[in-house]
Amino acid sequence: MKDIHEILQSTFGYTSFRGQQEEIIQHTLEGNDSLVIMPTGGGKSLCYQIPALVNSGLTVVVSPLIALMNDQVNALRQHGVQAAALHSNLSSSENQQVITAVETGNLNLLYVSPEKLMSLHFIDWLKTTSVCLFAIDEAHCVSVWGNDFRPDYVQLGKLKDHFTTVPTIALTATADANTQEDIIKQLRLNGEQKFVSSFERKNITTHCRPGQGRIQQIFDFINTKEGQAGIIYCLSRKSTESVAEKLQKKGLKAEAYHAGLAPHKRSQIQRHFQDDDIDIICATIAFGMGIDKPNIRYVIHYNLPKNIEGYYQEIGRAGRDGEESEALLFYSWGDKLNLQKFIDDASSHETFKQVQSVKLDRMWQFASSVHCRTNTVLNYFGEYKKVACGHCDNCLNPPKTIDGTTFAQMALSAIVRTKEQVGVNTLIDILRGSHKAEIRNHGYDRVKTFGVGRQTDFLTWSHYITQLINQGLIQLDLTDNSRLKLTPLSNAVLKSEQEVPLSQFVKQTFKTTPKPNKKITLNALDIDTVLFDKLREWRIELAKENNVPAFVILNDRTLKHLASAKPTTASQLLSIEGIGKAKQSRFGKALLSIIEDHLETLTP
Ligand code: ADP
Ligand code: ZN
């Protein structure tokens, strides 16, 4: 049997396994089923790719998206691995080529979509080959308890009828406790072992903020991130475009990305982003599934996401290179109501709708929470943890709790005096004594509470009112245009029979991260930035020639190692992280000559 460490080193160019990779690979090679829950960027792919290279037969990988399959196949081929994908976008001759490769035993990994795999014809054909492992990627799609249920996935359970002795490895980055159990049941995993890695991404600092004036807040944030790559997720196509336009007007390199763009335009934008020609992508969630850009420094959610699974997967696209990154989320009641309306109006099954509503509520609790955010997420995924994380806004600047009774009374009394006819923003305008036409037209400037809260700024008020709603002291009436109403608990507060604790609003300032070129330190490596730039130029050219994204040639991390160690021999090259035998033999000559030329310019 081939040695798995040898494959890790010579094919992938890595020196050691990460987390539970080695255990998972051994378990799989012993012929067992397993469920692997590992966060995005954790290194799930190697868990089945290495067994695929040890085994002499075929490993079939099920993946829901063509873009995802193509990226994986491209990356594997760069490593010299025999891999291919079968999907509906292939011409019949391309299709035939793949079939022949399988039949002649010339393929290690075959990527297929679930609907292709489960067609009877295909299963019959597959039985005549030497399948020795099924890898089910994005396995949460099999469960209605998950956040991305796909009916095609349900059929995958039948694989066990046709291939009784072939082990299955199911992998996902997003599955709460219920979903994990359901995956095991639906895929009929036998005597499986569950490998749950910690979901904590220690290099990502999370911030959540009320959404008022979010564009200005984004400008302030991006100001501290000059020339760095980031994604801004928006709820609608229209807002991706308007946000991108505003950023462009500020002279920033930003583009909108959504499913309404022509396919060639989409792949062009994606390519420019991968190659660092565009810094910021304003996207709907259509963007990012197939993205393995390691140096994304921040992810912003312009609107509240639908659920914690999606949110966590999206922020997981930041900092794949292990370096410091940030996630910034904006939330408002408006966002929440919009999302609730999407759920209510959808034609999906009632149970599914209920599950989605509960997930949305949990998302809201997360965003408006004053406790450690990381722990909220970890607890959600069943990884119970109490010690505060130290890398979320609430840990870094813990909000103080104050006696907020007076604030609560001001708000409640304004609700009474406006006869429960106003929503959150108008209420705050009244409390702050705004002279907007809308306020005057309704005569709200004549109510007794007009202006009583003018000492307190808008964002702070918004933060307090959210807490009052969360505490059940105010009701946000969805059936009446989101107007604010009293609740059975309000009276005790109005009569001063009950105190109301509120957490203070902390105005977090964003810390400036220096431009990447000034500081490309990788764990305190001493990087020659001029050489790094030369290597990047070479990589961009080569990527264009080969029509692949730049990172599949060599990723930034590897370039940094090269620009620090400056290897001058073929064997020194092999000791660089990310360079295995295939990459050494393909790129070795070119790399050594760039380094040599560069060293010459340094000698006087
Ligand atoms: P996931 O599928 O879990 O999101 P990937 O399998 O795409 O993650 O891996 C994320 C990144 O980490 C990839 O660039 C991959 O090459 C790298 N990686 C995976 N395992 C290792 C390892 N043992 N050592 C170094 N890098 C690794
Ligand atoms: Zn925390």
Side-chain angles (χ1 to χ4, degrees), residues 4-5 7-9 11-25 36-50 61 63 65 68-69 71-72 74-76 78-79 81 135-139 169 171-174 195 197-208 274 288-296 312-323 327 366 369-379 385-399 508 522 549-558 561 576-580 583:
I4 61 173
H5 290 96
I7 296 177
L8 179 72
Q9 169 81 58
T11 304
F12 295 96
Y14 299 138
T15 44
S16 55
F17 285 106
R18 262 195 206 160
Q20 293 174 293
Q21 279 176 334
E22 185 170 1
E23 256 179 278
I24 298 167
I25 291 168
V36 174
I37 316 280
M38 210 185 261
T40 309
K44 283 185 288 301
S45 324
L46 282 191
C47 297
Y48 58 84
Q49 288 170 347
I50 290 193
V61 187
S63 176
L65 287 179
L68 220 60
M69 293 186 210
D71 272 0
Q72 292 265 354
N74 272 333
L76 282 168
Q78 298 297 322
H79 286 302
V81 174
I136 318 283
D137 207 1
E138 311 289 346
I169 174 170
L171 312 101
T172 173
T174 83
F195 295 92
S197 310
S198 174
F199 266 57
E200 181 161 7
R201 291 286 308 275
K202 293 203 163 93
N203 63 324
I204 300 181
T205 303
T206 38
H207 310 265
C208 299
Q274 304 266 25
M289 277 296 244
I291 285 275
D292 185 11
K293 184 176 164 64
N295 62 343
I296 296 174
Y312 207 59
Q313 199 160 33
E314 282 143 27
I315 71 166
R317 294 185 181 125
R320 283 189 161 212
D321 53 10
E323 297 191 42
F366 167 86
S369 161
V370 293
H371 305 290
C372 174
R373 298 196 199 274
T374 308
N375 286 355
T376 308
V377 172
L378 296 183
N379 295 343
K385 204 175 154 243
K386 241 173 89 181
V387 186
C389 78
H391 54 91
C392 74
D393 48 2
N394 289 335
C395 281
L396 292 170
N397 271 313
Q508 314 271 4
L522 188 70
F551 71 88
V552 308
I553 305 273
L554 291 173
N555 66 27
D556 272 14
R557 220 180 145 82
T558 303
H561 277 292
I576 300 286
E577 184 190 299
I579 300 188
K583 293 202 173 177

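The residues of the chain are indexed from 1 along the displayed sequence. Numbering of ligands and ligand atoms starts at 1, following listing order.
Polar contact check, Glu577 against ligand 1: no nitrogen or oxygen pair lies under 3.5 Å apart. When only interatomic distances are considered, the shortest N/O to N/O separation between Arg18 and ligand 1 falls below 3.5 Å. Considering both main-chain and side-chain atoms, Gly43 comes within under 3.5 Å of ligand 1 through a nitrogen or oxygen pair.
Counting heavy atoms from C-beta outward, Glu22 and His5 have side chains that approach closer than 4.5 Å.
With hydrogens and angles ignored, the 3.5 Å screen pairs no side-chain donor or acceptor of Asn394 with any backbone N or O of Cys372. Between the Arg201 side chain and the Pro39 main chain, no donor and acceptor come within less than 3.5 Å of each other. In terms of modelled atom types and a separation under 3.5 Å, the side chain of Lys583 and the main chain of His79 share no donor-acceptor contact.
Near Ser45, meaning under 4.0 Å from any of its heavy atoms, are these atoms of ligand 1: 2 (O), 5 (P), 6 (O), 7 (O). Near Arg320, meaning under 4.0 Å from one of its heavy atoms, ligand 1 places the atoms 4 (O), 7 (O). In summary, the atoms of ligand 1 found under 4.0 Å from a heavy atom of Phe17, numbered by their order in the structure, are 23 (N). Of all the atoms in ligand 1, the ones that sit under 4.0 Å from a non-hydrogen atom of Pro39 are 3 (O).
Taking all atoms of both residues into account, the shortest heavy-atom contact from Gln21 to Gly42 is NE2-O, 4.3 Å. Scanning both residues, Ile315 and Ile204, for their nearest heavy atoms gives O-CD1, 3.4 Å. Closest of all the heavy-atom pairs between Glu577 and His561 is OE1-NE2, 3.9 Å.
Legend: residues meeting side chain to side chain contact (heavy atoms under 4.5 Å, CB included) with Glu200, ordered by chain and number and at least two apart, are Ser198, Lys202, Thr374, Leu378, Lys385, Cys389, His391.
Near the Zn ion (ligand 2), less than 2.8 Å away, sit the protein N, O or S atoms Cys372 SG, Cys389 SG, Cys392 SG, Cys395 SG.
At a heavy-atom cutoff of 4.0 Å, ligand 1 is contacted by no atom of Met38, backbone or side chain.
With Ile24 as the partner, the side-chain contact (heavy atoms from CB on, under 4.5 Å) test is satisfied by one option alone out of Phe195, Tyr48, Phe17: Phe195.
Residue contact check for ligand 1: Ser16 places a non-hydrogen atom closer than 4.0 Å to it.
Under a 4.0 Å N-O distance rule, the pair Arg373/Asp393 qualifies as a salt bridge.
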